[in-house]
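Numbered from 1 within each chain, the chains take letters A, B, ... in sequence-line order.
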Amino acid sequence: MNKLQKTRIVDLLQREDFGTEVQVKGWVRTRRGNKQVGFIALNDGSTIHNIQIVVELASFDEELLKQLTTGACIRVNGVLAESPAQGQKAEIQAKEIEVYGIADPNTYPLQKKGHTLEFLREIAHLRPRTNTFGAIFRIRHEMAQAIHRFFHENGFYYFHSPIITASDCEGAGQMFQVTTLDLYNLKKNEKAAIDYSEDFFGRQTSLTVSGQLEAELAAMALGSVYTFGPTFRAENSNTPRHLAEFWMVEPEVAFNEIQDNIDLAERFIKYCIKWALERCQDDLEFLSKMYDNDLFDRLEFVVKNQFVRLSYTEGIKILEAAIAKGQKFEFPVYWGADLASEHERYLVEEHFKKPVILTDYPKEIKSFYMKQNDDGKTVRAMDVLFPKIGEIIGGSQREENYDKLVSRAKEMGVPDKDIYWYLDTRRYGTAPHSGFGLGFERLLLFVTGMANIRDVIPFPRTPRNAEF
RNA sequence: UCUUCAGUAGCUCAGUCGGUUAGAGCAUCUGACUGUUAAUCAGAGGGUCGUAGGUUCAAGUCCUACCUGAAGAGCCA
């Protein structure tokens, strides 16, 4: 009848009804004590904090007590009590303990003491059990919620773009091919090319590098949409800011011009960071203490300050002025050159000391679908540049004029017969529209203060690494 | 992909000018301790020095190649 229900530790730590019998289930973090009494720090993933289980050793079986080692999973029934010692307000006086799963201390790789992030990457299947990754993955969840909530509140529809695609229209990099062809016995046609008509889809297909083109189709019907899903790039990038599989958020809005797009991007990022500050206090405090003392200052700074907005051309002028004053760069600065990360960092971290939104880039260094400005030289692109992590958002107003879009695609070598369906949006009821892409893990890098993108996604996919 | 640095106990590292039997802290195990907070104290076990070659009387140490990891760069989100 009166079966005791499991209580989450996050809820238990709030309670003051001492004397009540409670039940918790979780994993042993540490155990210490003496001959009479043992102390177990128990964590169930609901919070960064542990609950202390007090065990009077005399009242328990010796064999059971031996199994209560770091990593073991247990159920504890006991009495919630006010703690007589410093360090915690409440604790549980254990009355009954059941071991669900032991963790052999001789082989269990996680210890009480600190591990390097590099080592934890090698045991990615167990690292969620650490304080650090528990905090990160709880924050990751909250950020995903924030994204959905922001767009939902602003009248956007969550639109699911396909994962498998036949187009490489954005030219956003090397793609992973998807095939069911027998790679040990590839049939070639008379031109010695692979015969994809035999393949599953009857044509060559790949994993998506962006949901943008599909999002544009949706925006031309639903008005305001966003995608939020996995994205794949087969680039041989080995940096702390790149993944072969990452999650991207891509809003697309009909009738938005470039300024609306910029406003949306700034409002969106601020909403997400504010959400983290309001809901992830404990986890952020832990990460701040362990990895990044300035974390709260940086997050609050972004929420409170207006991002700097300037054109590419103005940016080049600032960089040229800096060079004239003696600033040294490895790569040359001139109008028409793509900005290297040293240039972006100079603008964000040295010159403005604020997030910067750069707009109106030369058309030669941007994608074919961006709306051309009247000057004939620039396009309505926008990049949001953040301190430490660089480009967090890239977006643009899209070219809605059919002829201009087709000629630009031709100039940049995009075969228009592959994207007839995309071009149709400009043939039938075209409209001004804009959108951008935000790398979810890049946002998480900023919010958590982590330095390596492999530490903000559960199972990072990078060149030569897909073990877990 | 390029450049630089690194790889020694389960983890984090030290190891001098190439020279006898490769060390420490933590973790683990055993013992002590009546409330611990990364508990403390005493003791014990634990090593193919990333892999393969080479130089040398002698290689953890020097050389070459490869593998793996990290940082910076390129590409980008």
Side-chain angles (χ1 to χ4, degrees), chain A residues 29-41 49-58 66 69-71 81-88 91 93 103-123 131 170-174 209-212 228 230-250 265 290 329-331 338-345 365-367 383-386 389-395 436-446 451-457 462-465 467:
Chain A
R29 278 291 162 74
T30 67
R31 184 186 161 190
R32 47 183 181 267
N34 54 43
K35 219 169 192 174
Q36 281 69 40
V37 60
F39 302 95
I40 293 167
H49 301 297
N50 305 320
I51 187 120
Q52 174 158 283
I53 312 292
V54 183
V55 184
E56 297 291 340
L57 301 187
K66 272 188 187 164
T69 58
T70 299
E82 191 163 15
S83 180
Q86 296 288 310
Q88 60 281 317
E91 63 189 22
Q93 303 280 352
D104 182 355
N106 287 309
T107 56
Y108 187 64
L110 292 172
Q111 303 166 1
K112 302 180 193 184
K113 222 173 143 174
H115 292 293
T116 59
L117 294 169
E118 288 86 351
F119 172 69
L120 293 173
R121 274 172 223 149
E122 294 170 9
I123 50 167
N131 288 331
E170 213 194 343
Q174 286 296 113
V209 293
S210 164
Q212 180 199 314
F228 182 17
T231 308
F232 307 88
R233 309 244 169 121
E235 296 288 350
N236 190 10
S237 296
N238 294 286
T239 84
R241 296 177 308 282
H242 290 86
L243 291 165
E245 175 183 300
F246 64 99
W247 286 63
M248 189 149 63
V249 184
E250 293 177 288
M290 299 299 287
F329 291 117
E330 188 187 341
F331 293 94
D338 211 349
L339 296 181
S341 60
E342 57 174 343
H343 306 133
E344 296 179 348
R345 271 208 313 277
I365 59 175
K366 289 290 180 185
S367 302
D383 284 0
V384 181
L385 309 177
F386 258 43
I389 56 172
E391 185 181 343
I392 191 169
I393 280 180
F436 59 81
L438 170 128
F440 186 47
E441 284 78 16
R442 295 238 174 122
L443 175 65
L444 284 171
L445 276 182
F446 187 77
N452 192 311
I453 201 162
R454 293 165 190 141
D455 296 327
V456 296
I457 188 168
T462 53
R464 295 179 307 279
N465 184 1
E467 185 167 352

Partner set under ring-ring contact (aromatic ring centres under 6.0 Å, His included) for [X], not counting sequence neighbours:
| X | value |
| --- | --- |
| Phe39(A) | none |
| Phe119(A) | His115(A) |
| Phe386(A) | Phe307(A), Phe446(A) |

**Request:** Report the residues that fulfil salt bridge (Lys or Arg N to Asp or Glu O under 4.0 Å) with Glu91(A), sequence neighbours left out, ordered by chain and then residue number.
**Result:** none
**Request:** Go through the structure and list residues passing salt bridge (Lys or Arg N to Asp or Glu O under 4.0 Å) with Arg121(A), not counting sequence neighbours.
**Result:** Asp455(A)
Side chain to side chain contact (heavy atoms under 4.5 Å, CB included) with [X]: which residues, sequence neighbours excluded?
| X | answer |
| --- | --- |
| His242(A) | Ser237(A), Thr239(A), Arg442(A) |
| Asp104(A) | Asn106(A), Thr107(A) |
| Phe331(A) | Ala340(A), Glu342(A), His343(A) |
| Ala234(A) | Gln174(A), Phe176(A) |

**Item:** Intra- and interstrand pairs of RNA chain B - dot-bracket, Watson-Crick/G-U under 3.5 Å, | marks other strand
**Value:** (((((((..((((.....[...)))).(((((.......))))).....(((((..]....))))))))))))....
Could I get a table of every N or O pair under 3.5 Å where one atom is in the protein and the other is in nucleotides 42-44 of chain B?
none

Below 3.5 Å between N/O atoms, which protein atoms pair up with nucleotides 8-15 of chain B? Just atom names and distances, please.
{"from": "rG10(B)", "atom 1": "N2", "to": "Gln111(A)", "atom 2": "OE1", "distance (Å)": "3.2"}
{"from": "rG10(B)", "atom 1": "N2", "to": "Gln111(A)", "atom 2": "NE2", "distance (Å)": "2.7"}
{"from": "rG10(B)", "atom 1": "N3", "to": "Gln111(A)", "atom 2": "NE2", "distance (Å)": "3.1"}
{"from": "rU12(B)", "atom 1": "OP1", "to": "Thr116(A)", "atom 2": "OG1", "distance (Å)": "3.0"}

**Prompt:** What interatomic distance, in whole Å, is found between P of rA58(B) and the corresponding atom of rC2(B)?
**Reply:** 36 Å
